[in-house]
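Just so you know, these numbers come straight off a predicted model, no measurement behind them. In what follows, chains are A, B, ... by sequence order, proteins preceding strands, each numbered from 1.
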There are 2 protein chains.
Amino acid sequence: MITSQVVVYSQHGEPKDVLKTHTYEIDDANIGENEIIVKTLAAPVNPSDINQIQGVYPSKPEKTTALGTSEPSAPTGNEGLFEVIKVGNKVTNFKVGDWAVPAQVNFGTWRTHALAKDTDFLQLPNPDQSKAKGKKSGLTINQGATISVNPPTALLMLTHFVKLTPGKDWFIQNGGNSAVGKYAIQISKLLGFNSLSVIRDRPNLQELKDELNSLGATQVITEEENASRDFGATIKGWTKDTGGEIKLALNCVGGKNSTGIARKLANNGLMLTYGGMSFQPVILPTSLHIFKNITSAGFWVTQLLKDSELKTKTLNQIVEWYEDEKLKDAPAIQTKFEQGGEKQLHEVYQEAVANSSNGKQLITF
Amino acid sequence: MITSQVVVYSQHGEPKDVLKTHTYEIDDANIGENEIIVKTLAAPVNPSDINQIQGVYPSKPEKTTALGTSEPSAPTGNEGLFEVIKVGNKVTNFKVGDWAVPAQVNFGTWRTHALAKDTDFLQLPNPDQSKAKGKKSGLTINQGATISVNPPTALLMLTHFVKLTPGKDWFIQNGGNSAVGKYAIQISKLLGFNSLSVIRDRPNLQELKDELNSLGATQVITEEENASRDFGATIKGWTKDTGGEIKLALNCVGGKNSTGIARKLANNGLMLTYGGMSFQPVILPTSLHIFKNITSAGFWVTQLLKDSELKTKTLNQIVEWYEDEKLKDAPAIQTKFEQGGEKQLHEVYQEAVANSSNGKQLITF
């Protein structure tokens, strides 16, 4: 028997009020022939996890009594890295020691162990496997545990909608120093696209510019520069020099800032919105729609990665870049959970949620 | 020799200030083998004509001295109906007596006659030709002179982007009582689609509703009803009754009104913006983009109908509906121009521009 713990909620509300730890036994001696048992290596806190608990996120797990809770409850957490510790007789896609991530969201990753169907997970190489393949590097725990949301968001926005010509074309993005923004800078560099990242002015502006440049940014400008008519000529000069166009805009801010990056798009350009950090709507002048044929669309990685073939292909590409040390992950603040220690699992996650404003929180096991 | 007059401008400005009449001779005895000579039957004033003269419209004719003006000048007017009065030896697509419309915008339709290449025009049936085909009706002068902008805008927005299932699916539009709005109501009825038209509340609301219903409107609601959460259930009931979804929104207003109709779209719906009567930008909540996958795009009939095959097909469909008396044109206020009379041609158009607030103006010849 394996004693498993999972963070659940039976009603929506603030994480500090509604989370509970549910403890139950997994009978590892009687595993089904197509089942696997995994133990958690790490699972982060994402904003969507919190919104799901609050009940304001459109995708959420069902509340059931399947785990033996007294009330129908839902498991928490959507992203995480697991190690396979037991496999059923007929399982062919996993062996003990493999690393794995949930194939879909809503699996519930804030837990110590899980009994699952072999189709519930996708395999990732563990460091020994990467080494055996002759790779420079194996995945770190942080890379594996945060591989399912932000890196695929950046990669798919850059490749799945608009064909950018390597060496020539550009994309523009606001929130250039967000986690996704930094992946977009790195991945565009790897794919040969030019990036134009818009960031807020700040005291340590040059420091941030240096950081983004070191990740491979083509150009980094401030919101004021982006809004300035004079500076527009500078940007036109840059695109002219490469013989390309700004065909894609990535918006995670909204409001005037979304208007500002949409204005920089060439005719027939596309703006993808994947976040709304300003809590303002997307604002698009009528003339951009009609006379420049600018299209504004949404991007939701959760929806797109329901296509498991696409998810596998996308994760494999990101794994490869990590193994080749071509991609840097976003750092997280790591806290280790000790099963049977002083704090219960839900308390550890409640603290992590509370500390989220200090940076991305990763709980390791 | 044919004495031709054409309204021109050599510099941009208000029509009352910059329009002039240029008179020149067309040598009809020496017509080129692929040329035709047309005389104007009627040419309306459209808002885009005025914006073109003002210099604020992105598509405009070149200023040249081709017509013999002392300064480089551009001809005015983009829509109009013409009769072919002479054809060159090798012209096969026109014969004398045919009706014709310019194949492209920027031809300059505010004129009495034109010498043109046979490829500059598309043929429309004159009333005798329609009668000879056994049709119920021939085109009226107004139908022919206003066939190139508003009816194709409505038809193409309804058919060129989203596949609506006849008998089931819906579109929603604001500006339901605009000229395009009324064509969209009629054409959707002809194609079997359900229409949901949003109009401003007004003293004679029921009168306008009756008018739109008589054109074939499925449902007509006010902006307040569209914004009301309670009324949303009524709309959901309508779409449920037909087993369809609201897959398309047509926006010619912008601002909050564009948000209001976008909110009524089903998942994966498309909003097309073809006008901005409120002078407010299109405003789209981030969540509609991300979680409902709503896309916002522009529609510009001028751009789309550069494809002359599509233009021919589209006009032929509209002609057929007019001949079958299935489509009602938007009425215009008609003024006859007398060549050699008291008023010069540009003065007649200046008055028409000034009177445009009273309704669409059509100058007949």
Side-chain angles (χ1 to χ4, degrees), chain A residues 47-48 51-52 56-60 105 153 157 161 174-175 180 249-260 262-263 265 267-304 306, chain B residues 47-48 51-52 56-60 105 153 157 161 174-175 180 249-260 262-263 265 267-304 306:
Chain A
S48 56
N51 293 338
Q52 225 172 38
V56 298
Y57 199 69
S59 157
K60 39 190 164 230
V105 294
T153 295
M157 289 197 300
F161 301 88
N174 56 28
V180 170
L250 307 182
N251 167 46
C252 66
V253 178
K256 275 186 193 173
N257 203 309
S258 60
T259 316
R263 282 194 196 281
L265 282 168
N267 282 2
N268 309 311
L270 173 71
M271 179 159 74
L272 289 173
T273 289
Y274 67 100
M277 291 196 299
S278 71
F279 296 103
Q280 297 291 313
V282 174
I283 302 175
L284 269 181
T286 301
S287 59
L288 289 190
H289 265 328
I290 300 180
F291 302 128
K292 291 189 72 182
N293 197 30
I294 301 304
T295 298
S296 176
F299 179 88
W300 192 19
V301 73
T302 297
Q303 185 61 33
L304 200 57
K306 284 183 182 167
Chain B
S48 55
N51 293 339
Q52 227 173 36
V56 298
Y57 199 70
S59 156
K60 40 190 163 227
V105 292
T153 296
M157 288 196 300
F161 301 89
N174 54 27
V180 171
L250 308 182
N251 167 46
C252 65
V253 178
K256 275 187 192 171
N257 202 309
S258 61
T259 316
R263 281 194 195 284
L265 283 168
N267 283 1
N268 310 312
L270 173 71
M271 180 158 75
L272 289 173
T273 289
Y274 68 99
M277 293 197 297
S278 71
F279 297 102
Q280 298 290 315
V282 173
I283 302 173
L284 270 181
T286 301
S287 59
L288 289 190
H289 265 329
I290 301 180
F291 302 129
K292 291 189 71 182
N293 196 29
I294 301 302
T295 298
S296 177
F299 179 88
W300 192 19
V301 72
T302 296
Q303 186 61 33
L304 200 57
K306 284 184 182 167

- Item | Contact winner vs chain B - A:Thr273, A:Leu288, A:Thr302, heavy-atom pairs under 4.5 Å | A:Thr273
- Task: Would you please say whether a donor-acceptor pair under 3.5 Å links the side chains of B:Asn267 and B:Asn293?
- Result: no
- Task: List the steps and the verdict of side chain to side chain contact (heavy atoms under 4.5 Å, CB included) for A:Met157 and A:Val180.
- Result: CA-CA 10 Å; A:Met157 289 197 300; A:Val180 170; 4.0 Å; yes
- Ignoring hydrogens and geometry, is there a side-chain-to-backbone donor-acceptor pair from A:Asn251 to A:Asn174 under 3.5 Å? no
- Identify which of B:Leu284, B:Ile283, B:Leu272, B:Leu270 forms the greatest number of heavy-atom pairs closer than 4.5 Å to chain A. B:Leu284
- Task: Measure distances from A:Ile294 to the heavy atoms of chain B and classify the residue's part below 4.5 Å as side chain, backbone, both or neither.
- Result: backbone
- Task: Please answer whether the main-chain N or O of A:Ser59 pairs with a side-chain N or O of A:Gln52 as donor and acceptor at a distance below 3.5 Å.
- Result: yes
- Message: Using heavy-atom distances under 4.5 Å, tell me whether B:Tyr57 contacts chain A through its side chain, its backbone, both, or neither.
- Response: side chain
- Proximal component of B:Phe299, with respect to chain A [non-hydrogen, under 4.5 Å]: backbone
- Message: Shorter than 4.5 Å, heavy atoms on both sides: which option in B:Thr286, B:Thr295, B:Val282 has the most such pairs with chain A?
- Response: B:Val282
- Message: Quick check: closest heavy atoms across A:Pro285 and A:Arg263, and the distance to 0.1 Å?
- Response: CG-NH2, 3.6 Å
